[in-house]
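Each remark here refers to the structure printed beneath this line.
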Amino acid sequence: MTTSIDAQYQQYLNAGLTLDLTRGKPCSDQLDLSDTLEDMIGGNFKTADGIDVRNYGGLLGIPEARALGGALLDVDPKYIMAGGNSSLTLMYQFLVWRLKAWQADDPAQTFKFICVVPGYDRHFTICEHLGIEMVSVGFDSNGPNLTDIEALVRQDQTIKGIWCVPKHSNPTGHTYSDETVARLANLPSLASKDFILMWDNAYAAHDLDPQARPLSNIMAYAQAVQTADHIALFASTSKITFAGAGLAFCGLSEPMLKGFETFLTPQMIGFDKVNQLRHARLLSGKDDIAKHMAAHRTILEPKFRRVQEKLRPLADAGLATWSQPGGGYFVSLDLKIASATRVIALADAAGVKLTPAGATFPYGRDPEDKNIRIAPSFPDMIALDQALDVLVCCIVKASEINH
Ligand SMILES: Cc1ncc(COP(=O)(O)O)c(C=O)c1O
């Protein structure tokens, strides 16, 4: 028997759509906000204290760019390395450095990392690529489940670290509570002696709701409990300026920063300081960043609101729940029945690309096959509307098949 949902789905199949809700990329209107980056040099290649940015040197970055990183990560610029165009590269390099140290101590050992799920697929890919085993831990509205995490790190010395996206988490949009941040800062004192907390603050400035819960300063807590050498902060301007040509930052205690700089030295003489200067002139303090991010919000907020509106029938039908992020780039949708693989295949056949089922879990395996990540930033409103209509149709259709 053909149901009305089958007929609707058939219409989408016939429409020849090509829509994409996969990666969290800024749309062209957002990229346009930073076009004046191009005018920031204007023949003046010197930093305030006279460094010629066209030349070699300065692996930690120019002072102005380190100040920008300090503003984003809420720490003194002396703790900051301003890098190239990707924080992911810095995270990867940082873990290669740490892995070498762990292996030097214990060459035969396999090491593990705690992954908060659902989480960011590329963190998991880094672990897989480096042969680091992943242990999944869930979370609630305050952040990761710390009771589980504390028990795990106490009992297993091969657990060497944890991935955290503390603000507007990818994909759920959560921001960790103050108590969670304080307990996480203390975690290294319960764990293996060279434990590292990867604090990927990619969405530090990306509030959709100006009243969004602020994030507490983990470095301040860590300094108070003497765990600062175990905290590695990361951020970038990928979703502030140009996603492919921004600036990345790493924040570390002074001894760790020195060690990481020494590790990187054989690989490069310095990052792109011309781009660092451009960025530092465009965003020369917290006020500039706030103004710039308010312009992003004007573009992004209606798209995120539309996701909430379009998904509403699924709540009425009891077919799914989803996050209501106060910022960031994603909405995390959980189906009531295990059918994410089926929904994503149905959408794909109808021309709507979604992030593969399981991508938000280590090894690409969602044990419940229920989570779907929605990235609404890139499509225009018309494409977003169409893609969400198709997604809703596919979820209803999959639920009928499963009954
Ligand atoms: C949590 C998180 N970290 C890092 C990145 C990538 O950052 P970058 O462009 O600086 O490498 C992303 C991109 O989606 C992200 O969601």
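Order of listing sets the numbers, starting from 1, for every ligand and every atom in it.
Between the side chains of Ser189 and Asn186, at least one donor-acceptor pair of N or O atoms lies under 3.5 Å.
Aromatic rings from His123 and Phe113 are positioned such that their centres are separated by 6.0 Å or more.
Residues meeting the salt bridge (charged side-chain N to carboxylate O under 4.0 Å, His left out) test with Asp194, sequence neighbours left out: Lys160.
Every protein residue with a heavy atom nearer than 4.0 Å to ligand 1 is included here: Ser86, Ser87, Leu88, Tyr120, Val165, Asn170, Asp200, Ala202, Tyr203, Ser236, Ser238, Lys239.
Between His174 and Phe139, the ring-plane angle classifies as perpendicular under the 30° and 60° cut-offs.
The two atoms that bring Cys393 and Gln8 nearest to each other are SG-OE1, 4.1 Å, heavy atoms only.
The number of heavy atoms from other shown groups lying within 6.0 Å of CG (Asp287) does not exceed 12.
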